[in-house]
Amino acid sequence: MIFEEITIHNLFAYYGPQRFDLRGLTDKKNIVMISGRNGYGKTNFLNSIKLLFGGVTDALRSSVQRGRKPSPRQYIMGAGDDWLGVMNVQARADGKKSCGVETVWREEKGTVRLSRTWTINANAFESNIQLDAEFFKNPLTKENEDQINHFLSERIPQSYIPYFFFDGEQIQEIAEANWNVQQQHMEKLLNIAPMERLIEHIGYVAGDWKREALDQKDKAELIRLENELKEQQAKVEAKGQTIDDISSEIEDSEANLHYLNRTIEGMAAFRNQSEEVKLKQVKADLEVRRSEIQKKIATILPRHLPLYSNLGLTGRTVDTLHEIIDSESGIQSDLLNKLAQHLPSQVFEMPPYPAEKLTQAQLNFFKERLANNILGYKANPAHWTGSLIKIDAVQAQKTLDMLLPFVHSKSFTVELADKFRDLRNIKARLHDIADQLENISTLSMDEQALYEKRVKEKNLAEGKIIDLKADLKKNQSELKAINTLLKKQQEKIKHQQERYKQSQMARKKVEKANLFKTFFQEYKNELKKLRRKAIEEAVNKHFSELMTSQTFIDKIEIGDDFDIRYMDANQNPIGMGSLSAGMKQLVATSLLWALKDVSQKNIPLIVDTPLARIDRGHQENLLRRYYPKAAQQIIVLPTDSEIDEAKYKILEPFIYREYILQNPTGYKTSVVEEKMYFQTKRVNHA
């Protein structure tokens, strides 16, 4: 695939039809230079090509607003002031209705023309796509979109786009990418992914055959479980979207809070007012605390103070009560009390009964007479001990239970002392605050109103963030619970599938499917090993070409699952965090170069910000060794600060077309065919 022409019409910053003639490629001259200042349309050019080959992808939608991802419709039409849509602002203001991008490329079979256009009205839009080729009988249009997508996927599948059309500032993300995502991209790029899809499809077929082996009742139960699983999976997706939305709202709210904090800090005239508000709040809190302590002391002090103030007397009383309870007379008195309480009932109310039945009055009389006679044998408490206390053992035990906490516990006195100390400290602090408040100057009414408004906005923002974070935590917890249920549901399905014996025919089919699955899995693993070795050799070769004199990374290793490891001269692993941004970009560039070689895909390379964070020495290596060799056709999109005259001279022998983007108003990018340096001609392709 060699691009011969690209036309952008009223799309992004490009006003009117702007055409890039890319013919003239030779074996020795393979570079197209499209230069321009920041904001003049280089990134818009790159995004136009991505939009042409991939449509409105998640990656494009995620790039237009920080923390937000507009819907496909919002991406085309606009989403408020932050994103105005794909159509050129000036063209829309001038009443234009359509925008789009078109390219013509050459391949072995002949010339191909592809275009995407959008017709945009006030509240709706219509998208169209058309593909035509010299070897087609008839052009393909929107009605044949599946055929168009299949045709494009054979040339440049969507998963290839990040590896061939990219921003040099962002390619280090490839080296740092999530391992699972990176593995998936590499397998697609190296044509291994179709094998994985085949294995998955065999698994689906084998699952269907397992169902055939179950009787109808068990089959119905399995279907029910699978439907429940789908519901749980839908809940997981919905909850994940909710969490993403809340996280985005938290980012926006925190940005707003940061702005309010800076605004308040910058209002030097309100510093005294801010201090006064804080002091008054502290004073109010201290007054509340003082009132609480005083109420506590007033509640407990009158009731317990006599006992705690005479702990010696209380202790002696406790000792005397112990003597009364432990004395022989005390024990006897306790026994007689129990006899007087229970024996009359035992004698008169339980069999055997007297021959002549007693009346209730007689029973009460004899019971009372017996109890009094028993109690008559009690010793006088005054003779139990030498104490002045004259009470029986029961009263002594009750009194002892009441007094013991005051003798053995000092928590009350400690607590009381702490509260008096707190009162003293609060009083001193309130005195200091009163002095500080007297020293604070008075502000004007306008200044005070403005300050209070900002503080209220800040408090509301802080409250909103707290609520959002609580909501986020709640949704994350709910997601965890749903995932737990999801896992249990999967186990139930697995158990249901394996619980019953399959019929002989289904069993044989499943066994054959498993054999094929194992065979293709082993074949896939062998393919990965071969590709891994080829990538590892290529990436180390290209990395050594791009580096100058560094010895930090001795070797880049590619694992069996395409995981990347960096080794030093002693074959010790190097952490990703130890690499500089420029080093990561060179590693990623080497990896892209290696993947391009191993995949053997003849696709043009488009690079925005080609030198990014690379230092000057390594920039020259990129210009001399990478761009002239990395692809059959390369389109670079630099600024003049990236490619100065010295660097331009390095690339000049390989350049066959040059364009400069002009956009002084910010809304009308136009394309001028002109050398970046050493001007020779000027042609306006408006």
Side-chain angles (χ1 to χ4, degrees), residues 57-59 61-62 67-72 159 177-185 187-188 193 195-254 463-503 506-507 509-511 513-514 517-518 520-521 524 561-563:
T57 62
D58 283 349
R61 291 191 289 129
S62 298
R68 297 289 182 102
K69 183 168 67 174
S71 66
S159 58
N178 176 279
W179 175 75
N180 289 329
V181 175
Q182 181 172 273
Q183 179 187 13
Q184 293 171 10
H185 282 315
E187 288 185 357
K188 289 177 181 178
M195 192 65 61
E196 183 63 31
R197 289 197 295 272
L198 175 60
I199 294 169
E200 289 178 0
H201 185 70
I202 293 174
Y204 295 147
V205 172
D208 291 338
W209 290 339
K210 284 182 180 179
R211 293 188 188 91
E212 292 176 7
L214 304 177
D215 61 36
Q216 293 302 312
K217 181 179 179 181
D218 296 327
K219 190 173 183 179
E221 175 62 12
L222 181 58
I223 292 172
R224 185 189 69 79
L225 291 172
E226 289 175 337
N227 288 334
E228 289 181 358
L229 178 64
K230 290 178 181 178
E231 292 178 4
Q232 295 293 339
Q233 290 170 335
K235 289 180 180 179
V236 168
E237 292 179 1
K239 191 61 67 176
Q241 183 62 52
T242 300
I243 288 172
D244 289 342
D245 292 342
I246 294 173
S247 298
S248 298
E249 193 170 356
I250 288 174
E251 288 182 9
D252 293 343
S253 298
E254 287 178 339
K464 182 180 180 181
I465 289 172
I466 291 172
D467 293 340
L468 285 171
K469 287 185 176 179
D471 197 16
L472 177 64
K473 186 175 181 181
K474 173 176 172 289
N475 278 277
Q476 288 172 335
S477 177
E478 290 173 352
L479 178 60
K480 184 177 180 181
I482 294 172
N483 278 322
T484 300
L485 293 175
L486 188 66
K487 186 176 181 180
K488 290 180 180 178
Q489 194 72 9
Q490 290 170 333
E491 290 296 326
K492 286 182 181 179
I493 291 174
K494 182 179 179 181
H495 177 73
Q496 185 70 11
Q497 288 175 333
E498 297 176 354
R499 181 177 174 181
Y500 305 100
K501 293 181 179 180
Q502 298 116 350
S503 67
R507 182 183 295 277
K509 289 194 291 186
V510 170
E511 288 174 353
N514 289 333
K517 189 175 179 181
T518 301
F520 287 119
Q521 184 63 53
K524 176 193 170 185
D561 290 322
F562 302 118
D563 49 308

Quick one: side-chain contact (heavy atoms from CB on, under 4.5 Å) partners of [X], sequence neighbours excluded?
X: Leu485; answer: Gln232
X: Ile465; answer: Ser253, Glu254, Leu257, Lys469
X: Glu231; answer: none
X: Ser71; answer: Arg73, Gln74

Can you tell me how far apart [atom1] ([X]) and [atom2] ([Y]) are? Round to the nearest 0.5 Å.
X: Leu479; Y: Thr484; atom1: CG; atom2: OG1; answer: 9.5 Å
X: Lys230; Y: Leu486; atom1: NZ; atom2: CG; answer: 13.5 Å
X: Ile482; Y: Ser477; atom1: CD1; atom2: OG; answer: 10.0 Å
X: Leu472; Y: Asp467; atom1: CG; atom2: CG; answer: 12.5 Å

May I have the list of side-chain donor-acceptor pairs in residues 234-241 shorter than 3.5 Å, sequence neighbours left out?
unit_1	atom_1	unit_2	atom_2	d
Lys239	NZ	Asn475	OD1	3.1
Lys239	NZ	Glu478	OE1	2.6
Gln241	NE2	Asp245	OD1	3.0

Exercise. Check salt bridge (charged side-chain N to carboxylate O under 4.0 Å, His left out) between Lys487 and all other residues, then give those that pass, not counting sequence neighbours.
Key: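 For Lys487 there are no salt bridge (charged side-chain N to carboxylate O under 4.0 Å, His left out) partners, ignoring immediate neighbours.
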Quiz item: With sequence neighbours excluded, what pairs up with Lys473 under the salt bridge (charged side-chain N to carboxylate O under 4.0 Å, His left out) test?
Solution: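 Partners of Lys473 under the salt bridge (charged side-chain N to carboxylate O under 4.0 Å, His left out) test: none.
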Quiz prompt | Shortest non-hydrogen separation from Gln490 to Leu229 and the atoms involved | solution =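 That closest heavy-atom pairing would be CG-CD1, 3.7 Å.
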Quiz item: Taking all non-hydrogen atoms of both residues, which atom of Pro70 and which atom of Arg61 are closest, and how far apart?
Solution: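 Closest pair (atom of Pro70, atom of Arg61, distance): O-NH1, 2.8 Å.
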Exercise. Please identify each residue that fulfils side-chain hydrogen bond (donor to acceptor under 3.5 Å, both in side chains) with Asn227, with sequence neighbours left out.
Key: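 In terms of side-chain hydrogen bond (donor to acceptor under 3.5 Å, both in side chains), with neighbours along the sequence ignored, Asn227 is linked to no residue.
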Quiz prompt | Among Thr242, Ile243, Asp244, the one residue meeting side-chain contact (heavy atoms from CB on, under 4.5 Å) with Ile246 | solution =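 The option that passes is Thr242.
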